Amino acid sequence: MTGSAPHDWDVDAATAGRLQQRLAAQVRLRDETGGTATVAGVDTGFEADGTVARACIAVFSWPALTPLTRVVGRCPVTFPYIPGYLSFREMPAILEAVDRLAELPDLLLCDGQGIAHPRRLGIASHLGVWLDRPSIGVGKSRLCGRFTPPAPDKGASAPLLDGDERIGTVLRSRTRVRPLFISPGHRVSHAAAVDWVLACTGRYRLPEPIRAADRIASGRAR
DNA sequence: GCGACAG
DNA sequence: ATCTTGTCGC
């Protein structure tokens with residue numbers, strides 16, 4: 001469907017790191033989400049004792065946010081969990097799910113980081129570049145970067161910094177909840193990334209598309 | 001050498 | 001991520 005080299009997943013951490021550096025150079029931070037008509041949530045869970053990765057992509061219409069379709073992809077796990085290399089563990093299953101989509105969503109909200117990553121290629125950026133699609137990283141906790149806690153009110157935010165470089169936004173998606181770590185994945189700006197997350201968030205901490213994907217990926221819904 | 005560390 | 005009951009708070 002998209003992508004390129006067949007086996008960029010069967011590598012060791014050192015090779016994966018070089019691959020991340022190379023792909024990070026392709027990330028664009030200009031907002032290109034203008035004509036968005038569909039927004040998808042992407043999340044991965046595990047089954048068979050953590051032996052198999054199960055990814056779900058839940059697609060919604062925009063701006064009505066009506067559920068349109070959802071697909072699931074599975075793949076044997078071949079890469080261990082190493083902070084900073086998450087995409088090499090989960091992307092194979094995500095791409096299996098992508099293959100089951102009739103058409104690519106206009107915008108992808110991924111569970112995990114975008115450029116808020118040591119080499120600026122968290123899973124949201126990796127997927128966005130791979131599919132050449134706008135993507136946003138929605139992390140439930142911090143991987144790297146420094147920040148001052150944002151005010152407790154919904155919408156309050158603080159920049160996530162790595163030295164003097166801005167790599168994301170620490171965002172209070174709901175009043176008095178633990179903040180989310182938002183960062184551009186690909187073809188989205190910092191500001192647009194935050195706007196999209198807030199626009200897709202309803203009564204809960206996580207945006208609806210990700211919640212929907214999460215319920216299925218984690219195996220507690222169908 | 002000593003912490004930190006997405007899911 | 002996943003293993004797990006009750007429990008605290010809105």
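Quick note: numbers below take in every heavy atom, side chains included, and nothing from hydrogens, waters or symmetry partners. Please read these numbers as outputs of a predicted model, since none were measured by experiment. Naming convention: chains lettered A, B, ... in sequence-line order (proteins, then strands); numbering from 1 in each chain.
Atom-to-atom distance recorded for A:Leu127:CG and A:Leu108:CG is 5.5 Å, nearest 0.5 angstrom.
Among the atoms of the strands shown, none is found under 4.0 Å from any heavy atom of A:Phe88. Contacts of A:Gly137 with the nucleic acid, taken as non-hydrogen atoms under 4.0 Å apart, are absent. Counting non-hydrogen atoms under 4.0 angstrom, A:Gly122 reaches a base of the nucleic acid.
The closest side-chain donor-acceptor pair between A:Asp49 and A:Thr51, if any, does not fall under 3.5 angstrom. Remark: the A:Thr33 side chain and the A:Trp196 side chain contain an N/O donor-acceptor pair separated by less than 3.5 Å.
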Interface polar pairs with nucleotides 1-3 of chain C, N/O, under 3.5 angstrom:
{"unit_1": "C:dA1", "atom_1": "OP2", "unit_2": "A:Lys140", "atom_2": "NZ", "d": "3.1"}
{"unit_1": "C:dT2", "atom_1": "OP1", "unit_2": "A:Phe46", "atom_2": "N", "d": "3.4"}

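Between A:Trp9 and A:His126, the two ring planes are tilted [angle within 30° to 60°].
The residue from A:Gln20, A:Gln21, A:Gln113, A:Gln26 that alone fulfils the side-chain contact (heavy atoms from CB on, under 4.5 Å) condition with A:Leu121 is A:Gln20.
Residue pairs meeting the salt bridge (charged side-chain N to carboxylate O under 4.0 Å, His left out) criterion with at least one partner in residues 166-178 of chain A, sequence neighbours excluded, are absent.
Salt-bridge formation is detected for the pair A:Glu165/A:Arg120: a Lys NZ or Arg NE/NH1/NH2 atom is positioned less than 4.0 Å from an Asp or Glu carboxylate oxygen. Look at A:Lys140 and A:Asp111 and you find a salt bridge, because one of the NZ, NE, NH1 or NH2 atoms lies within 4.0 Å of a carboxylate O, short of that distance.
When DNA chain B is scanned in the 5' to 3' direction for atoms under 4.0 Å from non-hydrogen atoms of chain A, the outermost contacting nucleotides are B:dA4 to B:dG7.
Straight-line distance from the OH atom of A:Tyr204 to the C1' atom of C:dC10: 13 Å, rounded to whole Å.
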